[in-house]
Each structure stands twice: as C-alpha cells, then as structure tokens.
Amino acid sequence: MEIRTRFAPSPTGYLHIGGARTALFNYLFARHHKGKFILRIEDTDVARSTEESTQAILDGMQWLALNWDEGPYFQSKRFELYKEHAYKFLEMGKAYKCYCTAEELEQRRGEAIKQGKPPKYDGRCRNKKDEQGKPFAIRFKVLPGTTLVKDIIKGKVAFENDEIEDLIILRSDGTPTYNLCVVVDDATMEITHVIRGDDHLNNTPKQIMLYEAFGYPLPQFAHLPMILGSDKTRLSKRHGATSVMAYKEMGYLPHALVNYLARLGWSCGDQEIFTIEELTEKFSLENVGKSSGVFNPEKLLWLNQHYLKEGKIEELAILLTPFLEAKGYHASADKRLTDIVKGLQERSKTLIEMADSAEFYFKEDVQYEENAANKFLTKDIQEIFELLISRLDSLPEFTHNAIETIFTAIMNEKDLKLGKIAQPVRVALTGGTVSPGIFEVIEILGKETSIARLKKAVEFIANPAAKGQKTE
RNA sequence: GGUCCCAUCGUCUAGAGGCCUAGGACGGAGCCCUCUCAAGGCUUAAACACGGGUUCGAAUCCCGUUGGGACCGCCA
C-alpha cells in the first residue's frame with residue numbers, strides 16, 4: 001500500500017519552527033517509503049484564516065524545499081463534503097441537534113470551572129425533539145466505553161469515553177469544525193499515517209470515534225513531542241525568532257534549519273550532519289524520541305556555520321548578493337565575489353555576518369576603527385607602508401604569491417615578523433583588525449585600491465587630526 | 001481542577017537488563033597552530049530527578065513521589 005502523509009497547517013500565521021518540523025517529518029517519512037506527501041490548508045475558521053498566512057506557509061515550505069506531491073487542498077472548498085458527513089450522522093442517529101447558544105455554553109462552562117467541576121457539555125439536547133426555525137449546531141454522540149489510541153511514538157494510550165464530551169461537528173452557522181474535517185479529509189485523502197504534534201493526542205480518541213462511526217479505516221498515528229523554548233514552556237515569540245522565514249532573513253541556509261530540525265527529536269546514532277538524501281534514507285518514526293525538546297539556537301547557528309563552510313562558493317555568492325544589496329552594495333556573483341566568499345566562508349556564521357565582513361571590499365572609502373588606528377597606524381610603520389606602495393606598484397602580476405614575496409622581502413630587510421606588518425596593513429586596507437588573510441585581501445582589492453588605501457593611511461599617520469575620523 | 005504525555009551532562013541525544021568507570025554533538029574551559037579573526041587539531045569539566053520493588057545484575061522492567069509539558073472552545 002502506498003504511504004500517504006500530510007501536513008495540515010491552519011493559515012492563521014506564518015510557518016513556525018514547530019510546524020516546519022512536523023512538515024519535515026511527514027515529508028521524510030513519505031519520501032523514505034516512496035509515498036506521497038500532501039499539503040492541506042485547514043482554513044475552516046473563516047474569521048481567523050488569511051490568504052497572507054497561506055502564502056507565508058507556502059513560502060516557508062518552498063524555502064525549506066519540503067515539496068509536496070498533492071495539494072494544497074483547502075478545507076474551505078470542501079464544506080459540502082463535511083456537511084454531508086455531519087447530516088449522515090444525524091440520519092444514523094449518531095449525532096443530534098444542539099440548540100444551546102454559544103453564550104449559554106460559555107456561561108455554564110464558567111460556572112462549572114468555578115465549582116471545580118470538569119467543564120463538560122451535559123448532553124441536554126441529546127433527546128430533544130426538532131425545534132423548527134431555531135438555529136442549531138450538530139453534536140456527535142459519544143458512546144460509553146474506552147477508546148484506545150495506538151500511537152507509533154507514544155505506544156498505547158487509553159481514554160475513558162465519559163471524559164469526552166459530545167463534540168460539535170457542525171456549527172450553528174453551518175460550517176464544520178476541526179475534528180470532523182480532519183477525519184473526513186484524512187479518510188477521503190487516504191492518509192495512512194497521521195504525523196502531528198502531541199498537542200493533538202487528546203483529540204485523537206474523538207477522531208477515532210468519528211472514523212469508527214463512519215466505518216472508515218483508521219490511519220496510523222504518530223504524535224511528535226513538542227518543541228519548547230529555553231524556559232521549557234511552549235516555544236513562542238518570547239524565545240526569539242519562531243518564523244521559518246525570519247531565519248532566511250537572518251542569513252541562514254535552509255538545509256541548516258532542516259538538519260537542525262531533523263535532529264530535534266529524532267536521532268540516528270551519533271550522526272549530526274545529514275544531507276537531505278541521508279535524512280530520507282535513514283529517517284524512521286521508531287527513532288523519534290518521546291520527550292519534548294528545547295530549541296537551541298546555538299546549535300542551529302553551528303550547523304549554519306558548518307554548511308556555510310562546506311558550501312560551494314558559487315552558490316553562496318548568489319545567496320549573498322541580496323544581503324549585500326540590503327547594505328546598499330550592488331554585487332553580482334562574479335569571480336571577484338566568489339573570491340571574497342572563499343575567504344569569508346569559514347569566518348561567518350550567517351550570510352548577514354558574511355555581508356558585514358565583506359563590506360570593506362565594496363566601500364568607497366575606509367574608515368578606521370579608533371582603537372585599531374591608534375594602535376597600528378603609527379609613525380614607525382609609515383616607512384614600511386611607503387616601501388610597500390612602491391613595490392606593489394611595480395609588481396607586474398598582482399597575485400597572492402607575488403604579494404607574499406614582497407612581504408617576505410620586507411620582513412627580511414627590516415627584520416620584522418609578519419604580524420608587525422600585516423596588522424597595520426590590515427587596518428589601512430580594511431579599517432579594522434579582523435579580515436581574511438592579508439595577501440588575499442590585497443589581491444582581491446587590487447593594485448589600485450590597495451595602493452590608494454595605503455597612501456591614505458600614510459597621510460593619516462602624518463596628520464591624524466586633519467584626515468581622521470571623517471564621516472561619509 | 002480533570003484527563004493525557006514526558007523525565008540521561010546547561011541543551012540535543014546514544015543507550016532495547018550485563019558491552020556504562022554512561023558515548024557523541026552544541027555550548028563552556030584550556031592548550032596547539034597562526035599575519036588578525038575564524039577554521040582546524042588535542043585535552044577537559046559536566047548527566048542516568050527521587051524512593052521503593054523485580055533480578056545474580058537496572059540508566060534500561062514495574063509501582064509510587066516529585067518535576068515539567070499538553071489538552072480540556074460553535075480554535076485548529
């Protein structure tokens with residue numbers, strides 16, 4: 001039988017970390033079994049669902065490359081189907097019309113809680129006769145007994161039916177509710193494995209009752225543990241960015257997030273780094289843990305750094321350009337940019353950092369960090385700078401090796417260690433004390449710019465006050 | 001409050017009764033390398049929540065306690 005999984009978000013916000021992991025596990029499970037992964041938008045709550053949210057979720061899925069095989073299906077377009085099912089229950093006597101108003105129910109619930117009683121619907125409309133013209137909701141009749149949930153992750157979980165109230169399946173405005181829709185959809189879409197957050201575990205007995213009442217075969221259930229924030233409460237904005245797309249904006253690589261999410265709750269021995277192919281091959285629900293996990297941004301950052309370090313410079317250059325654009329620098333992914341990326345890729349944890357570090361390559365004018373200038377742009381280096389300027393200028397081939405030869409010669413002549421020369425030059429060329437290797441920086445900057453910046457530094461040394469911290 | 005779930009280093013986890021003096025990874029500390037910063041290499045601190053059983057033997061099985069989480073909507 002073909003394995004069919006689904007991700008079924010409700011479009012009431014962006015795709016968040018938790019949802020993305022649920023989607024990922026569904027995706028991996030389906031791919032592993034060469035089955036189908038279906039996307040379904042649960043927009044039965046017309047008031048809260050928005051098109052922007054739907055689009056945001058689609059964008060997030062696409063960015064993470066969680067490609068779906070069918071859908072997106074929209075529940076809002078299937079209302080007739082749900083309605084039919086609800087009325088069928090009515091005919092079969094498995095559901096009844098409830099004439100209680102939302103206000104009445106709300107009031108009774110409040111009183112029950114006040115008295116310390118469980119806020120459960122008392123079933124008072126179960127045996128009422130039809131009242132013509134009065135609005136009604138349709139409630140499913142929960143029969144006595146025990147409902148057993150067989151969960152791949154949690155094992156067998158038994159629920160007493162008398163703990164469960166008669167649930168509304170069709171609202172008084174004629175729209176269907178969540179539990180009805182999921183069951184009808186999962187059944188008619190022939191979903192074989194329902195993989196979702198364990199916040200749905202308590203809904204599962206209700207849904208099983210609906211399946212059984214319809215005579216639909218049960219899917220397999222797998223309830224994933226929640227993702228928590230650092231204080232072990234449910235992950236929310238308080239814990240930092242929870243939107244998947246926020247990570248794109250912060251300069252994360254999609255596969256870093258995928259890899260991180262995969263290992264949050266699932267493991268494969270001691271392996272930490274996985275390609276998507278490896279994930280697909282190795283993923284199984286048996287290796288999903290039972291306990292909830294804390295979202296750890298540091299580890300995600302480490303993975304991002306890892307993939308930046310390992311990434312192809314041509315691809316990274318393309319990904320970097322929008323971040324340079326955002327800083328006001330026009331850059332195309334040409335040879336110069338890939339050279340820049342090569343030097344920066346193991347010095348950056350995110351694309352934002354990379355763009356920041358690349359800034360001195362693009363700036364018209366260097367500005368010196370005050371401490372760096374004070375420490376390194378001093379009288380005693382002036383002579384070295386002048387020497388460097390003339391020798392660089394007469395260099396026929398402006399290559400890494402040729403530049404290094406010049407430095408070595410000066411080191412020998414002046415009996416200086418490379419560090420004594422490189423740091424001042426670094427400040428002169430980049431404005432700061434941190435950059436890729438100095439020969440590489442000079443080569444990429446080019447003869448003209450390098451010399452111009454060295455000359456500027458010489459002027460600065462001669463007259464720091466006048467040429468000092470001018471702002472652009 | 002009721003129901004349900006969960007419990008190994010700070011965090012993610014390995015662990016399917018003897019392989020555990022509990023392994024890996026992130027993060028931390030230290031050292032090495034070094035033109036800066038990184039990267040890399042090496043070393044190191046750090047956990048089986050507690051109490052009872054079962055067993056020759058328990059991180060692993062059972063019970064309880066404690067702690068955490070989720071759900072109790074005409075939300076999904």
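When reading the values below, keep in mind they use all heavy atoms of this one structure, side chains included, and skip hydrogens, waters and symmetry mates. Computed from a prediction, not measured in an experiment: that's the story for all the values here. First the proteins, then the strands, lettered A, B, ... as listed; each starts at 1.
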Once hydrogens and angles are ignored, does a donor-acceptor distance under 3.5 Å link the base of [N] to the side chain of [X]?
X	N	value
D199(A)	A76(B)	no
S172(A)	C74(B)	yes
Q271(A)	G24(B)	no

Is any side-chain N of the basic residue among [X] and [Y] closer than 4.0 Å to the acidic one's carboxylate O?
X	Y	result
E84(A)	K88(A)	no
K342(A)	E440(A)	no
E272(A)	K299(A)	yes

* To do: Assign the ring pair Y96(A) / Y121(A) to parallel, tilted or perpendicular, where the plane angle (0 to 90°) is split at 30° and 60°.
  => parallel

Q) Where does the angle between the aromatic ring planes of F283(A) and F29(A) fall among parallel (under 30°), tilted (30 to 60°) and perpendicular (over 60°)? A) perpendicular

Would you measure the distance from the [atom1] atom in [N] across to the matching atom in [M] and give it in whole Å?
N	M	atom1	answer
G24(B)	C9(B)	P	16 Å
A7(B)	A45(B)	C1'	24 Å
U66(B)	C50(B)	P	16 Å
G18(B)	U65(B)	P	29 Å
A38(B)	U34(B)	C1'	11 Å

Between the CD atom in Q345(A) and the OG atom in S357(A), the distance rounded to the nearest 0.5 Å is 12.5 Å

If you check the [X] side chain, which of [options] turns out closest?
X	options	result
H200(A)	G73(B), G69(B), A76(B)	A76(B)
R426(A)	G24(B), G2(B), U36(B)	U36(B)
E346(A)	A38(B), A76(B), G24(B)	A38(B)
E272(A)	U3(B), U11(B), G24(B)	G24(B)
V434(A)	A76(B), A14(B), U36(B)	U36(B)

Item to complete: Kindly say if K309(A) contacts the phosphate of G40(B), meaning a side-chain N or O under 4.0 Å from OP1 or OP2.
Response: yes

Looking for any heavy atom pair under 4.0 Å, which part of the strands does [X] touch: base, sugar-phosphate only, or nothing?
X	value
I421(A)	nothing
L264(A)	sugar-phosphate
P436(A)	base

Could you tell me how far apart [X] ([atom1]) and [N] ([atom2]) are, to the nearest whole angstrom?
X	N	atom1	atom2	answer
L301(A)	C12(B)	CG	P	18 Å
L388(A)	C35(B)	CG	C1'	13 Å
I169(A)	A76(B)	CD1	C1'	17 Å
F295(A)	C26(B)	CZ	C1'	13 Å
H223(A)	C5(B)	NE2	P	12 Å
W302(A)	U13(B)	CH2	C1'	13 Å
E165(A)	C4(B)	CD	C1'	16 Å
I57(A)	A76(B)	CD1	P	14 Å

Per nearest nucleotide of RNA chain B, the residue lying toward the 5' end, V294(A) or T101(A), is V294(A)

Of D270(A) and Q305(A), the one whose closest nucleotide on RNA chain B sits nearer the 5' end is D270(A)

